[in-house]
Amino acid sequence: MAKQIKFPFMEGNFRYRFKKVYVCDFEYATIGGELIPTSLAIKNINDPEAEVEFIWLRNYDGTIARSIQQPYEHDANNLMVVFLGEAECSVFHELDWWQPERIIDLYVECRNLNNGTLDGKGVFGLAAMAKHYGCETNYLEDDKTNLRERLGKNQVGEDEIETVKRYNIEDVLVTERLFNKIERLYDKNYSGGIVWEQALDRGQHVAIAAEAGRTGYPIDVEAWDKFINKFDDIMDEVITNAHNITNCFPNGKFNNKNFQELVESKSLDNAWPKTTKGQCKSDQDTLRIYEEIYEFKILKEALYLRGATKLKDLPIDRKDNRAKTMFWLFSAKTGRAAPSTSKHILNMAGCFTPFIKVPEGTAIMKVDYSQQEFVIGAVLANDNIMLEAYMSGDPYLSLGKRSGFIPQDADKSHPLRGVFKTVCLMVQYGAGTESMSRQMKKSIETAEMALQVHQREFSKFWDYQEAMVDKFTYYCKYETINGWTYTLPKGSTFREWGDTKGYSEATLKNWIFQATGCEILRRAMRKVQDAGFGIIGLMHDELIVEHPLIIVDPEGCKEIVQSAMEEASKEIIGWRIKTDATIIGPGERFAPKDPADMETFRFFAKKAGFDV
């Protein structure tokens with residue numbers, strides 16, 4: 001069992017384990033990457049006589065009132081209750097106030113309680129959750145219309161400040177009522193105990209994510225500004241070039257008929273993924289499968305850039321020239337972070353990655369887990385053959401050698417290694433042979449051969465996956481070791497191809513592996529931060545850290561961070577997952593994974609007039 005925060009047993013409500021329990025809510029404005037606190041409403045709900053205190057956080061000229069001291073005790077004897085803790089903790093950071101050591105984020109807890117049963121835009125907002133749990137609210141229809149933008153520009157009058165005060169206080173009162181509901185639910189249905197420890201654990205992760213988001217990625221703003229100023233001209237040339245190569249952009253507009261003809265000209269029309277209307281898909285995920293073919297690589301980049309209308313909105317904080325955004329930890333069903341694709345630069349196309357440039361006096365290290373999902377599957381299934389394959393250093397090559405299809409003296413260059421890699425990755429989310437053959441660009445017969453090898457050699461994994469899905473569908477619920485839960489809606493059934501309702505068997509097969517990977521990365525965040533390294537980013541199974549000491553002692557820093565991350569995996573699943581580390585030194589740019597993306601960046605540089 002993972003190490004947890006321990007409390008002495010106490011009868012009664014969870015809140016009485018703490019000296020003070022604060023409920024707080026900030027109002028703030030964001031302009032680009034800059035976050036400007038506006039006001040704070042806060043209440044100590046352990047004091048029956050307490051009322052909500054409202055604090056205006058601006059000077060007369062609109063600047064932040066830095067002289068205001070934090071109105072709460074932040075140590076472990078006190079609790080902070082918030083809704084959407086990553087936002088609130090971002091404001092703590094901006095005000096240079098201490099992050100509370102004990103946080104309950106009701107946004108995260110409501111997501112966990114309803115993960116899988118509620119879906120759709122806005123369903124996990126404070127007002128929606130209050131309604132869901134039967135809490136009184138007194139919001140007005142026009143609350144928070146465009147006030148945040150005007151507050152950021154200091155364009156509000158005294159009457160509007162009173163409006164801000166009213167709904168800021170109402171947010172605290174609604175959050176308090178919601179906490180009362182969740183507290184009774186946890187204390188009654190779960191007897192408190194471990195669920196509160198897990199909730200506090202999640203609260204700590206939220207605070208770390210907020211610190212990372214407000215530190216941000218260093219951007220070469222001179223190059224970025226030149227690129228944005230020339231973007232329309234660059235876009236015209238990209239589209240013209242793409243049309244000359246693919247014939248898919250007559251008159252500058254994408255032509256689906258010409259695209260179908262391109263697919264047919266490559267003899268891919270039978271294997272190409274289709275829409276429900278039978279047309280070849282042209283989305284980014286589909287084109288990514290075939291981007292090894294030059295025409296589709298060019299087409300993928302052109303379509304991405306054509307749709308990248310929000311590039312100008314990259315949230316760069318001009319005070320320190322860093323791109324800053326929320327990571328939205330726990331916002332995916334697996335518990336993963338889900339930052340905005342238009343605001344998180346590493347979620348954009350790889351050709352934008354080199355705009356991240358390390359400033360002088362510091363260095364950045366990217367550390368990611370090696371074949372994380374494979375080893376998680378092996379450990380959870382207790383499949384020793386899979387673990388042996390992992391320990392060989394190349395599980396995909398090992399599987400091929402065990403099957404006899406790859407010679408024992410072969411290395412990673414063997415053409416069938418990619419076939420077995422595709423199967424190993426795709427079986428964990430229930431993909432069929434048709435999808436596998438498309439991904440590996442081989443015949444269905446080849447995919448079926450590799451799948452049969454996987455089933456034969458890793459039989460305990462297959463038994464585990466089948467039993468897991470049976471348990472999932474019987475109890476309609478599954479959870480990770482640290483309590484992140486996925487629940488199936490009552491009365492739901494397996495979703496057939498083309499349907500939008502019901503649940504996917506592939507989701508059930510993959511959820512526990514992905515969710516466990518999230519637990520590992522979150523534990524790693526805490527351990528890396530405790531080791532003294534500032535986290536500035538997180539991506540799937542990777543942490544991005546920054547520290548000047550990396551310049552002085554790169555190998556020593558690697559050892560510390562990698563050891564912390566590997567120990568985190570051992571604490572969660574009982575197995576140390578190996579990591580890989582890359583250091584980007586002062587003055588160096590982040591390198592995209594695909595060399596072709598670097599060539600596109602060089603094209604940007606040539607056209608916009610900046611140095612690479």
If every non-hydrogen atom of [X] is compared with every non-hydrogen atom of [Y], which pair is closest and at what distance?
| X | Y | result |
| --- | --- | --- |
| Ser39 | Leu57 | C-CD1, 3.6 Å |
| Gly116 | Tyr486 | CA-CE1, 3.6 Å |
| Thr485 | Trp511 | C-CZ2, 3.9 Å |
| Ser90 | Glu86 | OG-O, 2.6 Å |
| Asn59 | Ile64 | ND2-O, 3.2 Å |

With sequence neighbours excluded, what pairs up with [X] under the side-chain hydrogen bond (donor to acceptor under 3.5 Å, both in side chains) test?
| X | result |
| --- | --- |
| Thr362 | Glu546 |
| Glu49 | none |
| Asn114 | His132, Tyr133 |
| His205 | none |

State whether a side-chain donor-acceptor pair under 3.5 Å links [X] with [Y].
| X | Y | result |
| --- | --- | --- |
| Tyr107 | Ser331 | yes |
| Trp196 | Asp187 | yes |
| Thr579 | Glu566 | yes |
| Glu94 | Tyr28 | no |

Are any of the side-chain nitrogens in Glu571 or Arg522 under 4.0 Å away from the carboxylate oxygens of its partner? no

Check for a donor-acceptor pair, side chain of [X] on one end and backbone N or O of [Y] on the other, with a separation under 3.5 Å.
| X | Y | value |
| --- | --- | --- |
| Arg336 | His540 | yes |
| Asn44 | Val21 | yes |
| Gln562 | Val367 | no |
| Gln70 | Trp98 | yes |
| Asn46 | Phe18 | yes |
| Thr334 | Gln514 | no |
| Glu27 | Val164 | no |
| Asp25 | Phe83 | no |
| Ser340 | Ser342 | yes |

Just to verify, what does [X] make a salt bridge (charged side-chain N to carboxylate O under 4.0 Å, His left out) with, not counting sequence neighbours?
| X | answer |
| --- | --- |
| Lys19 | Glu73 |
| Arg111 | none |
| Lys43 | Glu176 |

Mind checking ring-ring contact (aromatic ring centres under 6.0 Å, His included) for [X] and listing every partner two or more places apart, or none if nothing turns up?
| X | value |
| --- | --- |
| Phe513 | Phe461 |
| Trp56 | none |
| Phe179 | none |
| Phe330 | Trp484 |

Please indicate whether [X] has more than 12 foreign heavy atoms, meaning atoms of other residues, nucleotides or ligands, lying under 6.0 Å from its [atom1].
| X | atom1 | value |
| --- | --- | --- |
| Lys319 | NZ | yes |
| Lys343 | NZ | no |
| Lys165 | NZ | no |

Within the structure provided, determine whether [X] and [Y] are in side-chain contact (heavy-atom separation under 4.5 Å).
| X | Y | value |
| --- | --- | --- |
| Lys509 | Phe472 | no |
| Phe26 | Val82 | no |
| Val561 | Leu543 | no |
| Trp224 | Leu311 | yes |
| Ile536 | Tyr217 | yes |
| Met326 | Pro315 | no |
| Arg523 | Asn482 | yes |
| Leu346 | Thr353 | yes |

Check side-chain contact (heavy atoms from CB on, under 4.5 Å) between Thr582 and all other residues, then give those that pass, not counting sequence neighbours. none

Between Glu211, Glu88, His74, His93, which is the residue that forms a side chain to side chain donor-acceptor pair (under 3.5 Å) with Gln99? Glu211

Tyr72 six-ring face occupied by Lys20 cation (under 6.0 Å, within 45°): no

With Ile316, which of Asp320, Asp313, Leu314 fulfils side chain to side chain contact (heavy atoms under 4.5 Å, CB included)? Leu314

